[in-house]
Student: 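The structure under discussion is supplied below as C-alpha cells; questions concerning it will follow.
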Amino acid sequence: IKSILGMVLPDKGNILIDGKSIKNDWEYRNNIDYLPQIANFPGNLSVNELINMIKDLRSNKKADDQRLIELFRLEPFINKKLSNLSGGTKQKVNLVLTFMFDSPLIILDEPTTGLDPISLIRLKDLIQAEKTKGKTILITSHIMSFVEEVSDEIVFLLEGKIYFKGSILELKSKTKQPDFEHAIASILIENHA
C-alpha cells in the first residue's frame, strides 16, 4: 500500500495504475482515496474543521461529505473535537474522509476497526455501491467474514510473498477446505508448518 501511495519506493517491480507506470509521476495520487489503518489527526480540530481541511487540500475534486455524514450518523459529533471522540466514531469520520471524493481507486486498510454492527453494514453497502460504479477497491483485513462478504478477488500476502491470487471459491477448491477461514489456515500451515 505504501508503495502504491508513493510513500515507499519499491526495490524492484512495477506499479501500474490505468496501465501506466507510477514511477516519476505523482499526479496519479489525485485518483486514489485512502483509509489508513490508524489515522492521526490533531485532536484540537472538530470533525467539521477536519472535513473542511481535507476538502481544501483536494479542492480540485467535488466532495460528497454531507451524504456520508448522514449515512454514518455523525451529525451529533460534527462540532466535537476529535480528541473527545470514541475510536469507532473516529473511524466513521475517517470513512467519510475516504469516500467523500469520487476517485476510481479506493484503498481501505483495516476499515472495520472499531465499527459498531450498524456502521459495519453501512460500510459493506457503501463498498458494494462503489463497486457497481466500476471502481477498484483494495482492502486489507484480518476479518475473514468481512473479506468473504465484500471481495470478488483475493490476494493472500505474507511477508511480501503472494501465496494465492483468485476468487474465494478457487481458494476453497484448491485447498479442499469447506470455508474461507480454513482455506486461509491451510495455506498458512502448508507454508509455515
Side-chain angles (χ1 to χ4, degrees), residues 1-10 13 15 17 22 25-65 67-69 71-74 77-78 80-116 119-131 133 135-147 149-151 153-160 162:
I1 288 174
K2 287 181 180 178
S3 294
I4 293 169
L5 295 171
M7 298 163 66
V8 171
L9 296 175
I15 298 172
I17 295 185
I22 65 169
D25 174 27
W26 59 269
E27 287 186 24
Y28 75 93
R29 287 184 246 170
N30 290 325
N31 292 316
I32 298 175
D33 294 329
Y34 171 57
L35 174 84
Q37 185 172 2
I38 299 168
N40 291 316
F41 296 111
N44 62 328
L45 289 178
S46 71
V47 171
N48 201 39
E49 289 169 334
L50 175 62
I51 290 170
N52 287 329
M53 181 182 80
I54 300 301
K55 284 165 56 173
D56 286 347
L57 288 171
R58 296 187 85 177
S59 59
N60 61 325
K61 297 193 90 148
K62 184 181 179 302
D64 186 15
D65 52 308
R67 175 183 65 91
L68 294 161
I69 289 166
L71 177 70
F72 288 108
R73 307 293 193 261
L74 286 171
F77 305 99
I78 205 74
K80 295 211 184 304
K81 301 286 183 201
L82 293 164
S83 60
N84 295 332
L85 302 180
S86 70
T89 302
K90 285 180 186 173
Q91 186 70 342
K92 290 189 264 185
V93 171
N94 292 332
L95 288 167
V96 169
L97 297 175
T98 302
F99 283 95
M100 70 181 182
F101 301 106
D102 192 25
S103 298
L105 174 58
I106 302 169
I107 300 174
L108 307 172
D109 192 358
E110 298 289 350
T112 61
T113 303
L115 291 182
D116 59 87
S119 297
L120 181 58
I121 290 168
R122 290 185 176 136
L123 172 61
K124 289 175 191 175
D125 291 345
L126 186 57
I127 289 169
Q128 295 300 346
E130 295 301 299
K131 281 169 50 176
K133 294 177 186 175
K135 295 184 180 189
T136 299
I137 304 173
L138 175 64
I139 302 170
T140 65
S141 181
H142 291 88
I143 311 299
M144 295 298 105
S145 58
F146 175 73
V147 171
E149 205 168 326
V150 301
S151 300
E153 182 176 13
I154 62 161
V155 178
F156 183 70
L157 281 169
L158 194 58
E159 295 171 17
I162 295 175

Student: Test side-chain contact (heavy atoms from CB on, under 4.5 Å) on F156 and V147 and set out the steps.
Tutor: CA-CA 11 Å; F156 183 70; V147 171; over 6 Å; no

Student: Under the salt bridge (charged side-chain N to carboxylate O under 4.0 Å, His left out) rule, what pairs show up with a residue in residues 51-63, not counting sequence neighbours?
Tutor: D33-R58, K55-D65

Student: Go through the steps for V93 and F41 under the test side-chain contact (heavy atoms from CB on, under 4.5 Å), then give the verdict.
Tutor: CA-CA 11 Å; V93 171; F41 296 111; 6.0 Å; no

Student: Which residue pairs pass the salt bridge (charged side-chain N to carboxylate O under 4.0 Å, His left out) test when at least one of the two sits in residues 104-116, sequence neighbours left out?
Tutor: K92-D116

Student: For R67 versus D64, what's the shortest heavy-atom pair and its separation?
Tutor: NE-OD2, 2.6 Å

Student: Do you know which two heavy atoms are closest between I106 and T98, and how far apart they sit?
Tutor: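 Smallest interatomic distance, heavy atoms only, reads CG2-CG2, 4.0 Å.
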
Student: According to salt bridge (charged side-chain N to carboxylate O under 4.0 Å, His left out), does anything in residues 95-106 pair up with another residue at least two apart or in another chain? List the pairs.
Tutor: D102-K135

Student: Between CD1 of I15 and CG of L9, what distance do you get to the nearest 0.5 Å?
Tutor: 9.0 Å

Student: Give, for atom OG of S46 and atom CG of N84, the distance between the pair rounded to the nearest 0.5 Å.
Tutor: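 Those atoms lie 11.0 Å apart.
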
Student: Do T136 and I17 have side chains that get closer than 4.5 Å, going by heavy atoms?
Tutor: no

Student: For L35 and Q91, work out which heavy atoms get closest and say how close.
Tutor: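 The answer is CD2-NE2, 3.9 Å.
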
Student: Given side chains that start at C-beta, do those of L115 and F72 come closer than 4.5 Å, heavy atoms only?
Tutor: no

Student: Could you tell me which non-hydrogen atom of P111 sits nearest to which non-hydrogen atom of F146, and how far apart they are?
Tutor: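 Closest pair (atom of P111, atom of F146, distance): CG-CE2, 3.8 Å.
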
Student: Would you give the length of the straight line joining atom CZ of F77 to atom CG of L82, rounded to the nearest 0.5 angstrom?
Tutor: 12.0 Å

Student: For the atom pair OG (S103) and CD1 (I137), what is the distance rounded to the nearest 0.5 Å?
Tutor: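 It comes to 11.5 Å.
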
Student: Using the side-chain contact (heavy atoms from CB on, under 4.5 Å) rule, take T89 and K80 through it: C-alpha gap first, then chi angles, then the decisive distance, then the call.
Tutor: CA-CA 11 Å; T89 302; K80 295 211 184 304; over 6 Å; no

Student: With a 4.5 Å limit on heavy-atom distance, are the side chains of R122 and L95 in contact?
Tutor: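 SC-SC contact between R122 and L95 ruled out.
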
Student: More than 12 heavy atoms of other residues, nucleotides or ligands under 6.0 Å from NZ of K133: yes or no?
Tutor: yes

Student: Show the nearest heavy-atom pair for residues S3 and Y28, with the distance to one decimal.
Tutor: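 In this case the closest contact between S3 and Y28 is O-OH, 4.3 Å.
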
Student: Side chains of L105 and N31, heavy atoms from C-beta outward: is any pair under 4.5 Å?
Tutor: no

Student: Evaluate the criterion side-chain contact (heavy atoms from CB on, under 4.5 Å) for residue pair I69 and I51; output intermediate values, then yes/no.
Tutor: CA-CA 10 Å; I69 289 166; I51 290 170; 3.8 Å; yes

Student: What distance separates S151 OG from L138 CG, expressed to the nearest 0.5 Å?
Tutor: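 Atom-to-atom, S151:OG and L138:CG are 10.0 Å apart.
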
Student: Check each of V150, T140, I127 against L108 using the side chain to side chain contact (heavy atoms under 4.5 Å, CB included) test, and report the only one that passes.
Tutor: I127

Student: Just wondering, are more than 12 heavy atoms of other shown residues or ligands nearer than 6.0 Å to CG in L57?
Tutor: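 Counting neighbours around CG of L57, more than 12 heavy atoms of other residues, nucleotides or ligands fall under 6.0 Å, so yes.
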
Student: Atom CD1 of residue position I38 - does it have more than 12 heavy atoms of other residues, nucleotides or ligands inside 6.0 Å?
Tutor: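 At most 12 heavy atoms, drawn from other residues, nucleotides or ligands, come within 6.0 Å of this atom.
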
Student: Could you tell me which non-hydrogen atom of E49 sits nearest to which non-hydrogen atom of N44, and how far apart they are?
Tutor: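 So the minimum-distance heavy-atom pair works out to OE1-O, 4.0 Å.
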
